Amino acid sequence: RGQLGFVVRHINSSTWWHEHLSEENVEFLKKITAEEYKAQTASKLCPLKDEPWPLNKWTPDSIRVGVVAVKLGMMPIWTKSGEKHAVTLLKVQDCHVLRYVSKEESGGKTAKLLVGGKNVSPFSKPESAHEIFKEAGVPRKQKVTTFNVTDDAIIKPGTPLYAAHFRPGQFVDVTAKTIGKGFQGVMKRWGFKGQPASHGQTKTHRRPGAISTNKAAKVYRGKKMPGKMGNIYRTSFGLKVWRINTKHDIIYVNGSVPGHTNCLVKVRDSKLPTYKDCNKNPPFPTFFADGDEELPEDLFDEDIFQFTDPSVTFA
Amino acid sequence: MAAACGRLVPRGAGIALPGRCFSLSGYRVSSGGKPPKFQPPPKPVIMDRKTRKEESRFLSPEFIPPRGRTDPLKYYIERKDMIQRRKVFNIPEFYVGSVLAVTTANPYASDKSNRFVGICIQRGGKGLGATFVLRNVIEDQGVEMCYELYSPRVQAIEVLKLEKRLDENLMYLRDALPEYSTFDVNMKPVPRQDHEEIPVNKVQVRMKPKPWSKRWERPKYNIKGIKFELPEHKMQAAQKWSQPWLEFDMLREYDTSKIEEKIRKELSEELGK
């Protein structure tokens, strides 16, 4: 029907990166990249010595960077009064700041900082994709996100970010892609009630029923119907940070977080107005490992029951 | 006597020949010119009590990580917390079928603590959230309490009687006659030596008349501890639900021997057992 355009025929055979290389060359490339990655991470370990950008003081209006973490799993923790809460473990793995985009460049209201997550092999992507990482002098990352940041919180590209960027007792928002459920019907996707199982229903048990009224004479945009469910970005707001492990860079965050285990999540200071007072005096603009502060291996919130204490008794 | 029969007697030690009860190992008198090659007697293997105990050391089931795609780092972090708790609070070795007494802290009780005695019917959960369910019949009412092993409200866990049963899960005691689930609340702990093997109680439990909460005669539960008084044709009809191919399914195999070894080593280093 209509005009018949030429159908573009694509060449669907793509080679993988080591298809036309000899085994020795493949081994050599792998070895070289591993060494290069090690050298790059080692060179970025002392950000305070490499002419860092000016460090400012925290004000209640400043918004600082967040962090990209890997969701490890969930665990129970107990408070000092014996109540149980479930926490999610988020590991901050090879998190580096990649690029600074100023307010004028981006055209938005605030400056932006691009941050990258877990290290990943550079071979499956074209060279054009490696530009950002080469500029920052950092290995290729699996996830790159933007954080809107005030001008006093900007950080030099290449600085590593750690779990100690957050402190126990503060509140965070966690964004991630939800688990994909595929094409789902209206009962699972939108929670419709469906129809009864018996009493004369003919072939109608999980259907949406009526989709509009008679007078409207159309179906409104955004009508809830079956479709692909999941695999979209969602945020959980106002999650309390219970504990930070500085040795393995793990954040213990209250409740559940969208996404499957081992997925990459974006963690940010909460922007809910109820928690504005709880996030006072954080490490600003970020926590520097080669700075003066010596942190213990585990930082706990005051209410948490630590396993070094004896069992809880009510006096 | 030895000289006369030296050539004919075999060399093995302790072979009872008629009329002779002494061994003639390596003690042959030769008739030829060359002396025989000296064969030292076989070394006796001393089975020490300690070595036997190390081989069959008990590893609590909540330490073994389940099969999945999670990072082993997560289990390592959890185990560190579990070990820390065990250093402060003693969690004894017990199995499903042992009788335990648990004291927990309770803000609403007059003594601020609760004591419950019961038989362990199930151990579930992995890691810090591991639980066990104790069952007892108090004043003709069956009561089951589920406790978390690592909860800070648990003040003491004593094993009153350490024994195993034929099954890993004793949920069928709910449908058994109440005498099998009653235990005296003021029971004294049964004394037991350290090096004795854990006794297996092979009791065959008698059930209340059907209907039961679950069809325990079906092969999926694989229960060995019930004395089924059902007619033969019902037992055979239950076999219709058997899945004999399951034991050969290779995808379901989960070999935990290497993981267990590593965890045992880690535990013994930390807890100094």
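Keep in mind it's a predicted model, so treat the numbers as computed, not measured. Letters go in sequence order (proteins before strands), and every chain restarts at 1.
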Close side-chain approach of M75(A) and D81(B), heavy atoms under 4.5 Å:
yes

Flag if over 12 foreign heavy atoms under 6.0 Å of [atom1], [X]:
X: R69(B); atom1: CZ; answer: no
X: D140(B); atom1: CG; answer: no
X: K80(A); atom1: NZ; answer: yes

Using non-hydrogen atoms and a 4.5 Å limit, figure out which bit of [X] sits close to chain B: side chain, backbone, both or neither.
X: K84(A); value: side chain
X: I77(A); value: neither
X: H260(A); value: neither
X: K91(A); value: side chain

Working to the nearest 0.5 angstrom, can you tell me the gap between [X] [atom1] and [Y] [atom2]?
X: I250(A); Y: I77(B); atom1: CD1; atom2: CD1; value: 3.5 Å
X: H248(A); Y: K74(B); atom1: NE2; atom2: NZ; value: 14.5 Å
X: L72(A); Y: T70(B); atom1: CG; atom2: OG1; value: 9.0 Å

Looking only at heavy atoms, which two atoms of [X] and [Y] are closest? And how far apart?
X: F307(A); Y: Y150(B); result: CE2-O, 3.9 Å
X: D309(A); Y: V88(B); result: O-CG1, 3.7 Å
X: R85(B); Y: P310(A); result: NH1-C, 4.5 Å
X: P152(B); Y: S311(A); result: O-CB, 3.3 Å
X: T308(A); Y: Q84(B); result: CG2-NE2, 3.1 Å
X: K80(B); Y: E297(A); result: NZ-OE2, 3.2 Å

Most heavy-atom pairs under 4.5 angstrom with chain B, which of T313(A), T79(A), V70(A)?
T313(A)

Compute whether any side-chain donor of one residue and acceptor of the other, for S81(A) and R153(B), lie under 3.5 angstrom apart.
no

By a 4.5 Å heavy-atom criterion (distance strictly below it), what part of Y108(B) contacts chain A: side chain, backbone, both, or neither?
neither

